[in-house]
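Values in this document were obtained by computation on a predicted structure and should not be read as measured data. Every heavy atom of this structure was used, including side-chain atoms; hydrogens, water molecules and symmetry mates were not. Chain A is the first sequence line, chain B the second, and so forth, proteins listed ahead of strands; every chain is numbered from 1.
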Number of protein chains: 2
Amino acid sequence: MKKKYTRTELKAELEAAGIRASVQRIAILGFMRENPIHPTADVVYEALRDEIGSLSLTTVYNTLKLLVDHGLVSMLTIDDTFRCFDGNVDMHAHFMCRGCKSIYDIEVPEEVKCMLKGLDDFKVDEVQLYIKGYCKNCK
Amino acid sequence: MKKKYTRTELKAELEAAGIRASVQRIAILGFMRENPIHPTADVVYEALRDEIGSLSLTTVYNTLKLLVDHGLVSMLTIDDTFRCFDGNVDMHAHFMCRGCKSIYDIEVPEEVKCMLKGLDDFKVDEVQLYIKGYCKNCK
DNA sequence: TTCATTTCTGAAATCATTGCAAATTTAAAA
DNA sequence: TTTTAAATTTGCAATGATTTCAGAAATGAA
């Protein structure tokens, strides 16, 4: 199920968003697209240092912020102790288990989407639905 | 519309939650109940230092955490740059304006609440629905 | 190639939050 | 009321994830 993205596809996506493609940006976007694991900046950094020896953690932070600002990636603040990122920007909810800290993707019920469409007075550009509790294994 | 809570009511509420009442805890819970402004710990601290000269910021942090752990207050992480608190623990959504940073409360239909609490495989104990964009004044 | 611009890097700085030990307060017993 | 032990609060120092900064490197245009 894990789709492999080509350098060309990623470059095109960056440029379509108005971002210049660099080796680091292509690698980071590619990692986010191919790994639906809600990684922290540090996880991305550790995963890519083999591939790009010169990569610095600062670049990962900067690049993720850039991707978030251009809507290519989203940032999750479901847990207040760490910040993580999601390469899937289609609307979906997140469930975090208080036991094992795993983050699961959840379908958003149609009713919620309807409710959000009916928000007069606001111009909505981002929705995060965070649900917490215990997963099957931990409850 | 702003309801005034008595010391006795607040004390009873703390004790019902299994928390000993202290001058600081009563003041902080009272502030949260009476001011639906989604304050940060620092805002609570600044607001109460006149009333309680000896109050320390550490106590505000500790007490808010205690109240959150006992379900009397909830913590919002809608903006990744600051953490704020909400004295209204009934389920409702939050809209944050990217322009003026105001946080607005949004009603959530009853069906949606039920649906979110009833996720198979998960035992849900908290739901946060964060919406971002621009408010009427800023868009 | 050269130049101008953008991007990347590593180290240092920031700052909200937490940890800790001492001081204070509380509540119940005597 | 006084004593006593436990709980709470305080102030300050430490923490650590994140951000900033200035120089170095890479890129693209001419």
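Not counting sequence neighbours, A:Phe82 has no partner by the ring pair (Phe, Tyr, Trp, His ring centres under 6.0 Å) test. Partners of B:Asp125 under the side chain to side chain contact (heavy atoms under 4.5 Å, CB included) rule, at least two apart in sequence or in another chain, are A:Arg98, A:Lys132, A:Tyr134.
Between the axis at the start and the axis at the end of the helix from C:dT1-D:dA30 to C:dA30-D:dT1 there is an angle of 30°, using five pairs per end and rounding to 10 degrees.
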Treating primed atoms plus P, OP1 and OP2 as sugar-phosphate and everything else as base, which nucleotides of nucleotides 15-23 of chain C get B, S or - for protein heavy atoms under 4.0 Å?
-SSBB----
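Between A:Asn88 and A:Val73 there is no side-chain heavy-atom pair separated by less than 4.5 Å. No side-chain heavy atom of A:Ile37 sits less than 4.5 Å from a side-chain heavy atom of A:Ile103. With a 4.5 Å cut-off on side-chain heavy atoms, A:Phe85 and A:Met32 count as touching. Under the 4.5 Å side-chain criterion, counting only non-hydrogen atoms from C-beta, A:Tyr45 is in contact with A:Arg49. Residues B:Arg33 and B:Glu9 are not in side-chain contact: their nearest non-hydrogen atoms beyond the backbone lie 4.5 Å or more apart. You'll find the side chain of B:Leu29 reaches within 4.5 Å of the side chain of B:Glu13, heavy atoms only.
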Chi angles and distances behind the side chain to side chain contact (heavy atoms under 4.5 Å, CB included) call for A:Leu66, A:Leu72:
CA-CA 9 Å; A:Leu66 188 75; A:Leu72 300 183; over 6 Å; no
Show the numbers, then the answer: is there a salt bridge (Lys or Arg N to Asp or Glu O under 4.0 Å) between A:Glu15 and A:Arg20?
CA-CA 6 Å; A:Glu15 284 167 357; A:Arg20 279 220 204 155; over 6 Å; no
Could you check A:Ser102 against A:Cys135 for side chain to side chain contact (heavy atoms under 4.5 Å, CB included), going step by step and ending with a plain yes or no?
CA-CA 9 Å; A:Ser102 304; A:Cys135 72; 5.8 Å; no
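Think of the region where chain B sits on DNA chain D: with heavy atoms and a 4.0 Å cut, that region ends 5' and 3' at D:dA7 to D:dC12.
Scanning residues 12-29 of chain B for heavy-atom distances under 4.0 Å to DNA chain D yields B:Arg20, B:Ser22, B:Gln24, B:Arg25.
Of the N and O atoms on the side chains of B:Asp42 and B:Thr40, not one donor lies less than 3.5 Å from an acceptor on the other residue.
The CD1-C1' distance, from A:Ile52 to C:dG10, rounds to 17 Å in whole Å.
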